[in-house]
4 protein chains.
Amino acid sequence: MVEITRPLGRPRSEDARLAVLRAVDDMLVEEGYAAMTMKGIAERARVGRQTVYRWWSSKAEILLEASAADAARELTVPPGPDIETEITEFLVALAAFLTDSDAGLAYRALVGEAQHDQKVAELLRGTDVLGDAARSVLRRSEWRAVARPEEDASVAELVGPVLYRILTADWRADRDSLRTMAKRYLVREGSADAT
Amino acid sequence: MVEITRPLGRPRSEDARLAVLRAVDDMLVEEGYAAMTMKGIAERARVGRQTVYRWWSSKAEILLEASAADAARELTVPPGPDIETEITEFLVALAAFLTDSDAGLAYRALVGEAQHDQKVAELLRGTDVLGDAARSVLRRSEWRAVARPEEDASVAELVGPVLYRILTADWRADRDSLRTMAKRYLVREGSADAT
Amino acid sequence: MVEITRPLGRPRSEDARLAVLRAVDDMLVEEGYAAMTMKGIAERARVGRQTVYRWWSSKAEILLEASAADAARELTVPPGPDIETEITEFLVALAAFLTDSDAGLAYRALVGEAQHDQKVAELLRGTDVLGDAARSVLRRSEWRAVARPEEDASVAELVGPVLYRILTADWRADRDSLRTMAKRYLVREGSADAT
Amino acid sequence: MVEITRPLGRPRSEDARLAVLRAVDDMLVEEGYAAMTMKGIAERARVGRQTVYRWWSSKAEILLEASAADAARELTVPPGPDIETEITEFLVALAAFLTDSDAGLAYRALVGEAQHDQKVAELLRGTDVLGDAARSVLRRSEWRAVARPEEDASVAELVGPVLYRILTADWRADRDSLRTMAKRYLVREGSADAT
DNA sequence: GATTAATCGAGACGGTACGTCGCGTCTTAGT
DNA sequence: ACTAAGACGCGACGTACCGTCTCGATTAATC
């Protein structure tokens, strides 16, 4: 039988961990990323300051842990009647995520921070939330049997335009525009042999 | 006849203004956006701290003033033999701007900061550097006589994919990939009537 | 005949001078010495900052000019029926000056500042407001024909006790105590031959 | 049994406390009260700025804590052969304290500051260094069995004249003058019944 | 009447201390 | 070994005042 020996001493408190994640979630919405501080998080979570630093090295790291699961869930779209609808639904979910959702607010804060802090950039590179969600939609669709070598470019062409408009212009997407974007995207994909 | 009366008191020092802009330019490259402080800028520019605060309200504002002109210049591409080449050259310039140029570093820092600070977001909304550059390329091209209503979407489909890959994955673009992206972009534009 | 040639250029503005003195007077009462600033004085007097610095080098200097005349006037006591009454009246005037009068407030501020600033100490040494007032009372009195060599000590014994209690303990003198002090002072002076 | 529970968290650092007091002591002599700043004190003591503000609210408060003990010690005079000698020795100690001692320099700065700042005035009222020293000399002397109701006045008549001459005129006392002042003081005290 | 020169109010300039806040570390007692 | 609490050294924040400077406008005496 396998004996998994626990490390000596008092084990990590799951209560403290959850309290911190919860605090970060709440504070992001209530005060915004910039106003969030390690000190503030600890106080809000009623947790020692050292406890926070022991398990996370920055507020970005906590935020990633606190929102990654939500992000993936919110970007999942159910199968639809046809590919155009599926793509449209994905774009709708993407836009809603980026403009309305708490997890999306966290994601934007993290992408923003990544432009200032190389460590956060590396953290984010490990989990391409948007890309993964797009890929899972594209792969599921039966309209194209094989994953193509240009998948990354394809994903970028799907996700990029929406992300650009929202990040740089706080764009509020409407369903019609997104359906149009989906159509145009599919036109290009359909005639990809033009490459 | 119109009499333009100067405001009372000692006029603003152009020397101080330029010293600050210069300092911010240098410090961004040498130390990075996050390490830059208002205090540091003032000291580097050998300027009083109050003088900085008198004319700019944040380092983002200074950075924007310091880099906007450079950004616009670096994103300008000369007319080419055909539309595909022009688009490709624009994408090359865009990718180089975002990954290698100092002004591009500034732009990425500003877009990042905009995700944390509403004030910066509004500043950026006033000057769509990337979009304007793209628009000027698209409009110049004679391949389509009329400006199209979906111009914003079109611009986003051109700029977005590159921006997405660079912001979220520190992508290093090669000319071939960009030429391919340009071709695919043109395919979609060409059959836009499919909408 | 003597020709007094005025210096070239615009002459000093008496309006500005009075406005500054007036402002300092008012501000001392309203805000206190510590809260008074050269900048604040200039603004209150609606006068340029340079104008203040041109004629005075510190707020202490302005305050001295603004209050010296008042101080001398308030410490003058009319001749009385006998020496005890005269001394008592002087002590009453002295205590009232130090605890209630605006000029006395200024004097205390200046003596205070003199402990921090050698320049103010020298300014004050030039005008011994309290001592001069005391001397003029003592000399006037016919009870002793000649000015005695220990006049300085005598003045100190008259003024010092009151000043000490007010400066260090914010003492509020009553007339009875002051009369008692006057009597005790005279007893000592009367038997000064005991020296 | 009484359980004294220490307050939570890291206890106050005695090292930091002493370093601050030491720094203030040194800086007062080297730079003077006016040139001393909270920032400078912290840096000199190699202590965080917040640590200074946590325990003291002004440089006056630190100075008082740093010099009160020295002041009391320096103003203590040993019993002498007769009352006149004791009083003279006290006046000598008082004059030396006010003109030569570091603690006396601190005291003068504090009395000065008290004229500008009500808070400092209250601090000083809590510890009448000069008066206490005088009282302990007067009470020790057996020349008068009972403590007299006019003790405060008596103390003021002893301390005041010296303080006045030093504060307002930077007087340098010589032993002979002080012995004369002591004699005159005793004459008055001896015939106090004249009241 | 034009020129000259020192003043005026206004306000920007380079500095620097203010008192606060957050950083990340440390030192307690207690679990 | 972990926990909460909270002091520690450090340094940036944005503000206020320092004393100086640079403007155009004003005010007399001199030319």
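Letters A, B, ... are given to chains in the order of the sequence lines, protein chains preceding strands, and every chain is numbered from 1. No hydrogens, no waters, no symmetry mates; every other heavy atom, side chains included, goes into these values.
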Parallel, tilted or perpendicular: rings of A/H116 and B/H116 (30°, 60°): perpendicular
Closest-nucleotide 5' rank along DNA chain E - winner of A/T37 and B/R17: B/R17
Expressed as a whole number of angstroms, how long is the span from C/D15:CG to E/dC8:P? 11 Å
Could you pull out the closest heavy-atom pair between D/A45 and D/A19, with the gap in Å? CB-O, 3.5 Å
Identify the heavy atoms of B/I41 and B/K59 that sit nearest to each other, and give their distance. CD1-CB, 4.1 Å
Please report, rounded to the nearest Å, how far the C1' atom of E/dG24 is from the CD1 atom of A/I41. 14 Å
With a 4.0 Å cut-off, would you call B/R17 and B/E65 a salt bridge? yes
Examine distances only and state if a side-chain atom of C/S67 and a backbone atom of C/L63 form a donor-acceptor pair shorter than 3.5 Å. yes
Each nucleotide in nucleotides 1-7 of chain F should get exactly one letter: B, S or -. Can you fill that in based on protein heavy atoms under 4.0 Å? BBBBBBB
Using whole Å, report how far OH of B/Y53 lies from C1' of E/dG11. 21 Å
Distance in angstrom units between B/R6 CZ and F/dA25 C1', rounded: 13 Å
First of C/M36 and B/M36 reached from the 5' end of DNA chain F, by closest nucleotide: B/M36
Whole angstroms only, please: what is the CE-C1' distance between C/M27 and F/dC17? 12 Å
Given F/dC13, F/dC18, E/dA17, identify the nucleotide with an atom nearest to the side chain of C/K39. F/dC18
Integer-rounded Å distance: E/dC13 C1' and B/E14 CD: 15 Å
Are A/K119 and A/E113 close enough for a salt bridge, meaning some N to O gap below 4.0 Å? no
Mark yes or no for whether D/E31, through its side chain, and D/M27, through its backbone, hold a donor-acceptor pair below 3.5 Å. no
Any donor and acceptor pair, going by atom type alone, linking the side chain of B/Q115 with main-chain N or O of A/L167 inside 3.5 Å? yes
The correct set of residues in residues 111-123 of chain A placing a heavy atom under 4.0 Å from DNA chain E is none
Distance in angstrom units between B/L18 CG and E/dC13 P, rounded: 12 Å
Salt bridge C/D170-C/R108, side-chain N to carboxylate O under 4.0 Å: yes
Would you kindly compare C/V52 and A/K59 by the position of their nearest DNA chain E nucleotide and give the one closer to the 5′ end? C/V52
Given atom CE of C/M38 and atom C1' of E/dG9, what is their separation to the nearest angstrom? 16 Å
